[in-house]
K.L.:
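After the structure tokens below, expect a handful of questions from me.
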Amino acid sequence: MFVTKRFLSKDTLPFACSDQHSYFVDRNQANQSAEVTFILLGFSEYPQLQLPLFLVFLTIYTVTVLGNLGMILIIKSSSRLRTPMYFFLSHLSFVDFCYSTVVTPKLLENLIVEDRTISFTGCLMQFFFVCIFVVTETFLLAVMAYDRFVAICNPLLYTVVMSQRFSFVLVIATYSWGIACSLIYTLLFLTLSFCGTKFINNFVCEHAAIVAVSCSDPYINQEITLASATFNEVSSLMIILTSYVCICITVLKMPSTGGRHRAFSTCASHLTAITIFHGSILFLYCVPNSKSSWLMLKVGSVFYAVVIPMLNPLIYSLRNKDVKAAVRKLIHTNLIHQLMITVK
């Protein structure tokens with residue numbers, strides 16, 4: 001009792017009451033956020049398009065799953081593709097598969113059911129995993145650009161520089177940074193308070209759409225998230241641009257036209273993937289935050305979250321001779337195996 005009286009004396013009582021008040025306010029906000037329900041509006045303003053969009057997105061998701069898992073299988077089963085470039089490509093396919101799987105099934109569900117609700121925890125988890133895979137892919141593409149830089153500018157040292165151990169470290173670093181950034185964004189997400197039922201004007205729990213329905217002041221949250229996202233985008237683009245400037249200088253110094261053509265052809269698929277990915281990000285950055293721009297934001301998000309994971313395996317398989325040769329060999333081997341089983 002003495003200790004209690006001492007700390008709750010006349011001088012300290014206001015501070016104790018203030019701390020208790022803050023505690024109960026924070027706890028009340030946390031309880032309100034935990035009980036909130038989000039409704040993903042998606043494309044509900046176009047009811048006549050729900051079924052056609054469902055069929056289109058289902059087709060895209062099917063191609064995405066088959067394409068990315070097929071790419072991983074081809075790379076793992078072919079001895080010709082056991083190089084750092086294809087090691088990175090297999091992880092790019094894995095990230096695209098995971099990213100699409102986090103977003104697209106919920107999108108498909110919301111197109112065929114009237115109940116478009118998602119719990120606070122469900123929205124939080126979707127946001128967390130989306131952030132992981134987006135940041136990881138951002139830096140994985142930068143790592144692949146560095147790999148092309150070493151292969152073209154220092155071909156004699158390629159196997160030494162891009163060793164199996166170093167390649168593994170680079171991949172682990174991209175995943176680790178993706179998880180770290182996602183944890184920061186998610187913790188910032190938890191500082192926001194929500195109340196009642198909130199309508200998210202998107203098909204995915206995306207940062208701008210979530211912040212727009214918050215009951216608290218999102219200024220600090222937005223500024224920190226914007227600074228972090230800008231750092232990720234600028235730093236990854238600097239690695240990519242520096243690598244390709246050096247590549248262009250080296251290629252232009254090559255005496256033979258055939259050598260220049262081969263060097264550029266090895267970079268063509270990667271450059272295409274980078275242009276589409278970062279072009280979509282920059283487009284979403286430039287969309288103004290107004291009611292008239294929400295449709296553009298949703299269309300950009302569809303391309304960014306649903307279409308790009310489908311395009312990457314198609315880009316790398318259609319323009320890559322080694323991948324096409326590995327596919328033919330895999331099909332030929334399986335056909336022979338099936339014929340031998342049939343004969344027996």
K.L.:
Mind checking what makes ring-ring contact (aromatic ring centres under 6.0 Å, His included) contact with Tyr158, not counting sequence neighbours?
P.N.:
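ring-ring contact (aromatic ring centres under 6.0 Å, His included) list for Tyr158, sorted by chain: empty.
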K.L.:
More than 12 foreign heavy atoms under 6.0 Å from CG of Leu49: is that the case here?
P.N.:
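Correct, the count exceeds 12.
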K.L.:
Verify whether one side chain among Ser214 and Ser216 offers a donor that lies under 3.5 Å from an acceptor in the other.
P.N.:
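Yes - a donor-acceptor pair under 3.5 Å links their side chains.
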K.L.:
When you compare the side chain of Ile308 with that of Ser280, does any pair of heavy atoms fall below 4.5 Å?
P.N.:
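Yes, their side chains come closer than 4.5 Å.
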K.L.:
Using the ring of each side chain (for Trp, its six-membered ring), is Phe57 parallel, tilted or perpendicular to Phe43, with breaks at 30° and 60°?
P.N.:
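If you compare the ring of Phe57 with that of Phe43, the planes turn out tilted.
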K.L.:
So which of Leu140, Asn312, Val65 actually passes side chain to side chain contact (heavy atoms under 4.5 Å, CB included) with Asp96?
P.N.:
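Among the candidates, only Asn312 passes.
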K.L.:
Would you indicate whether the side-chain heavy atoms of Val150 and Leu157 approach each other to under 4.5 Å?
P.N.:
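Answer no - side chains too far apart.
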K.L.:
Checking Ser100 against Tyr61: is there a side-chain donor and acceptor pair closer than 3.5 Å?
P.N.:
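Side-chain D/A pair, Tyr61 to Ser100: absent.
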K.L.:
Go through the structure and list residues passing salt bridge (charged side-chain N to carboxylate O under 4.0 Å, His left out) with Glu109, not counting sequence neighbours.
P.N.:
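For Glu109, the residues satisfying salt bridge (charged side-chain N to carboxylate O under 4.0 Å, His left out) (neighbours in sequence not counted) are Lys106.
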K.L.:
Would you say the side-chain atoms of His270 and Asp147 include a donor-acceptor pair closer than 3.5 Å?
P.N.:
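Note: His270 and Asp147 side chains miss the donor-acceptor criterion.
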K.L.:
Hey, does the side chain of Ser236 reach the backbone of Glu233 with a donor-acceptor pair shorter than 3.5 angstrom?
P.N.:
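Answer holds: yes.
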K.L.:
For residues Phe303 and Tyr46: do they belong to one hydrophobic cluster (side chain heavy atoms under 4.5 Å, members Ile, Leu, Val, Met, Phe, Trp, Tyr)?
P.N.:
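Yes, because Phe303 and Tyr46 connect within a single hydrophobic cluster, where side-chain heavy atoms sit under 4.5 Å apart.
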K.L.:
Among pairs that include at least one residue of residues 70-92, which meet salt bridge (Lys or Arg N to Asp or Glu O under 4.0 Å), considering only residues two or more places apart or in two chains?
P.N.:
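For residues 70-92: Arg80-Asp322.
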K.L.:
Would you mind listing every salt bridge (Lys or Arg N to Asp or Glu O under 4.0 Å) that reaches into residues 200-229, with sequence neighbours excluded?
P.N.:
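Matches after skipping sequence neighbours: none remain.
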K.L.:
Does anything in residues 214-241 pair up under ring pair (Phe, Tyr, Trp, His ring centres under 6.0 Å), and if so which pairs, sequence neighbours excluded?
P.N.:
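Every candidate ring pair (Phe, Tyr, Trp, His ring centres under 6.0 Å) pair involving residues 214-241 fails, so no pair, neighbours aside, qualifies.
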K.L.:
Report yes if some heavy atom in the side chain of Leu192 is under 4.5 Å from a heavy atom in the side chain of Val211; otherwise report no.
P.N.:
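The answer is yes, as the side chains (C-beta and beyond) meet within the 4.5 Å cut-off.
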K.L.:
Any donor-acceptor pair under 3.5 Å linking the side-chain atoms of Tyr175 with those of His91?
P.N.:
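Side chains of His91 and Tyr175: pair found under 3.5 Å.
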K.L.:
I'd like to know whether CZ of Phe38 has more than 12 heavy-atom contacts from other residues, nucleotides or ligands below 6.0 angstrom.
P.N.:
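Check passes, neighbour count above 12.
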K.L.:
Before we go on, tell me: are the rings of Phe283 and Tyr304 under 6.0 Å apart, centre to centre?
P.N.:
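No: the rings miss the under 6.0 Å criterion.
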K.L.:
Evaluate the criterion side-chain contact (heavy atoms from CB on, under 4.5 Å) for residue pair Phe87 and Ile75; output intermediate values, then yes/no.
P.N.:
CA-CA 8 Å; Phe87 174 68; Ile75 292 171; over 6 Å; no
K.L.:
With a 4.5 Å limit on heavy-atom distance, are the side chains of Cys267 and Ile152 in contact?
P.N.:
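Contact flag for Cys267/Ile152 side chains = yes.
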K.L.:
If you compare the SG positions of Cys123 and Cys205, is the separation below 2.5 angstrom?
P.N.:
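Yes, because the SG atoms of Cys123 and Cys205 sit under 2.5 Å apart, which meets the disulfide cut-off.
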K.L.:
Applying ring-ring contact (aromatic ring centres under 6.0 Å, His included), can you list everything that pairs with Phe127, at least two apart in sequence or on another chain?
P.N.:
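Counting only residues at least two positions away or on another chain, Phe127 forms a ring-ring contact (aromatic ring centres under 6.0 Å, His included) with Phe189.
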